[in-house]
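Treat the numbers as computed from the prediction; the structure is a model and nothing was measured. Quick note on labels: first sequence line is chain A, next is B, and so on, each numbered from 1.
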Number of protein chains: 2
Amino acid sequence: MTARSSSESTRDIPEATVARLPVYLRALNTLADDAIRTCSSEELALAAGVNSAKLRKDLSYLGSYGTRGVGYDVDYLRYQIAREIGVTQDWPVVIVGIGNLGHALANYSGFRSRGFRVVALLDADETRHGEVVAGVEVRPFGDLEEIVESHGVAIGVIATPAGAAQDVSDRMVGCGITSILNFAPSVIAVPDGVDVRKVDLSIELQILAYHEQRKANIS
Amino acid sequence: MTARSSSESTRDIPEATVARLPVYLRALNTLADDAIRTCSSEELALAAGVNSAKLRKDLSYLGSYGTRGVGYDVDYLRYQIAREIGVTQDWPVVIVGIGNLGHALANYSGFRSRGFRVVALLDADETRHGEVVAGVEVRPFGDLEEIVESHGVAIGVIATPAGAAQDVSDRMVGCGITSILNFAPSVIAVPDGVDVRKVDLSIELQILAYHEQRKANIS
DNA sequence: GTCGATTTGTTCTCGCGTTCACAAACTCCT
DNA sequence: AGGAGTTTGTGAACGCGAGAACAAATCGAC
């Protein structure tokens with residue numbers, strides 16, 4: 001409908017679609033690894049675990065990158081999705097809280113390969129300072145402002161105990177971080193304009209337990 | 001409307017509500033730790049980070065456990081939610097894949113305190129067998145069937161690389177596991193009746209990156 | 001015992017997301 | 001060149017969830 005200028009691609013993509021784009025991207029990467037050049041919406045939907053109509057509608061928000069009667073060019077679509085999400089550029093990331101989970105996150109190769117670079121590991125516990133994890137030295141939490149400023153960090157990861165999460169969040173927001181991924185099992189409050197996503201391991205298990213309990217009670 | 005018999009409490013709770021119940025439960029636990037006996041829907045909603053109308057509607061699916069003009073009894077509501085979710089009972093859990101993430105999961109105290117007991121750690125890599133993590137010995141993946149049967153395990157956690165996830169899933173389903181929490185960055189296919197929840201670290205970051213990119217492009 | 005204040009439980013409306021179904025567009029074969 | 005076969009992109013219907021608003025119920029004061 002609307003005329004679309006060169007790189008001014010999309011207006012607003014529904015949140016549900018945004019959450020699925022990374023899944024499509026991964027599926028496309030897998031296809032590319034298998035030297036597959038072209039795929040239909042049906043094939044890609046299968047690989048991504050979604051309905052093909054939903055996939056097509058999702059992709060239509062980005063533009064018309066398919067060819068009717070043929071399908072999608074894997075490499076081309078892959079690039080378009082990556083550009084839309086923003087993973088074609090480099091995102092510096094700070095991780096606060098280097099416990100068991102922080103360790104695992106720092107070592108997670110999936111970040112590196114998707115444009116996320118861990119520029120600093122911070123912890124309040126001084127006995128951990130100087131320790132090197134995944135090639136990065138653990139530094140005092142007080143260094144946060146300096147690091148965020150010098151590297152232009154916009155994304156912070158909280159992997160602390162619940163009690164520290166709100167304080168860490170406040171400090172992050174205070175020095176200009178506008179996106180937070182929170183692994184601490186607590187609700188954190190942030191001002192408007194700051195995005196928070198929450199990953200809670202035990203909540204996921206509790207949801208499974210609920211359904212499991214229902215299955216057992218077929219009375 | 002419907003007459004409600006003794007322990008036959010609810011019919012079907014919306015999925016969105018089920019996902020929030022654990023959040024309410026945690027908020028209630030925090031209140032209880034502060035020796036608070038009673039709370040209004042407004043207070044609890046604030047602690048849980050949701051709208052109070054939504055909270056009341058969610059709780060109404062469980063029954064009428066509040067008192068008008070007063071609020072909710074913290075301990076009583078806490079018990080009711082815990083019973084509804086199923087965390088009053090003990091859930092044996094198996095974790096497959098003891099890499100960085102598997103280590104972190106095995107050590108995560110939030111599982112133990114919510115009724116989940118890690119009964120076994122399995123890994124395909126023989127060099128890891130015998131290693132003790134969080135008080136549990138790492139055993140060969142081939143022991144899965146025996147362990148699931150002897151402990152009555154219904155919930156499995158996959159923390160392997162992407163390539164192994166589908167195989168592990170198939171084996172789990174094959175020996176009777178009906179709920180899977182998948183941390184591997186891949187889509188797994190399971191038969192009807194098996195629940196899968198997926199936690200993907202890099203996808204969460206990519207979603208944040210998308211919004212971050214939008215913030216930067218205010219052009 | 002009655003009145004006012006308070007808070008729950010529920011009804012209603014609205015918007016988002018999912019899915020179906022089909023027209024438009026492209027390829028290939030003859 | 002034309003027709004058959006495919007596959008995309010999208011309009012329309014449907015169902016679920018969020019939030020506002022209100023009636024019902026309880027407590028406390030007098």
Task: Test side chain to side chain contact (heavy atoms under 4.5 Å, CB included) applied to B:Asn100 - qualifying residues, sequence neighbours left out - done: A:Ala104, A:Asn107
Open item on the list: A quick test of your reading: do over 12 heavy atoms of other residues, nucleotides or ligands sit less than 6.0 Å from CD of B:Glu149?
Closed with: no
Open item on the list: Measure CG/A:Leu55 against P/C:dT19 and give the value in whole Å, please.
Closed with: 12 Å
Open item on the list: Under 3.5 Å, is there a donor on one side chain and an acceptor on the other for A:Asn182 and A:Arg197?
Closed with: no
Task: Distance, rounded to the nearest Å, where B:Arg68 contributes CZ and C:dT10 contributes P - done: 7 Å
Task: Length of the line joining A:Leu44:CG and D:dG9:P, which is rounded to integer Å - done: 12 Å
Open item on the list: Less than 4.0 angstrom between a side-chain N/O of A:Tyr72 and OP1 or OP2 of D:dG9, yes or no?
Closed with: yes
Task: B:Glu43: partners by side chain to side chain contact (heavy atoms under 4.5 Å, CB included), with sequence neighbours left out - done: B:Cys39, B:Ser40
Task: Close side-chain approach of B:Thr178 to B:Asp195, heavy-atom, < 4.5 Å - done: no
TODO: Residues of residues 187-195 of chain B with any non-hydrogen atom less than 4.0 angstrom from an atom of DNA chain C: list those, numerically ordered, please.
DONE: none
Open item on the list: Between A:Asn51 and C:dG17, is there a contact of a side-chain N or O with OP1 or OP2 at under 4.0 Å?
Closed with: no
Open item on the list: Closest-nucleotide mapping onto DNA chain C: is A:Ala53 or A:Gly69 further toward the 5' terminus? I mean the 5' end.
Closed with: A:Ala53
- [ ] Starting at atom NZ of A:Lys54, determine the distance to atom P of D:dT8, rounded to an integer number of angstrom.
- [x] 17 Å
TODO: Could you check how far CD1 of B:Ile13 sits from P of D:dG17, rounded to whole Å?
DONE: 12 Å
Task: Verdict with reasoning, B:Leu59 to B:Ile81, per side chain to side chain contact (heavy atoms under 4.5 Å, CB included) - done: CA-CA 9 Å; B:Leu59 294 183; B:Ile81 293 179; 4.0 Å; yes
Open item on the list: I need the OH-P distance between A:Tyr65 and D:dT7, as an integer number of Å.
Closed with: 23 Å
Task: SB check B:Lys198 A:Glu204 (cutoff 4.0 Å) - done: no
Task: N/O (side chain, A:Ser41) to phosphate O (OP1/OP2, D:dT7) under 4.0 Å - done: no
Open item on the list: So if I take every side-chain heavy atom of A:Val70 and compare against C:dT10, C:dT27, C:dT18, which nucleotide ends up nearest?
Closed with: C:dT27
Task: Closest-nucleotide 5' rank along DNA chain C - winner of B:Ser40 and B:Lys57 - done: B:Ser40
Open item on the list: Just the rounded figure in Å: distance from C1' of C:dG17 to CZ of A:Arg20.
Closed with: 8 Å
Open item on the list: What is the separation between atom CD on B:Glu15 and atom P on C:dC16, rounded to the nearest whole Å?
Closed with: 22 Å
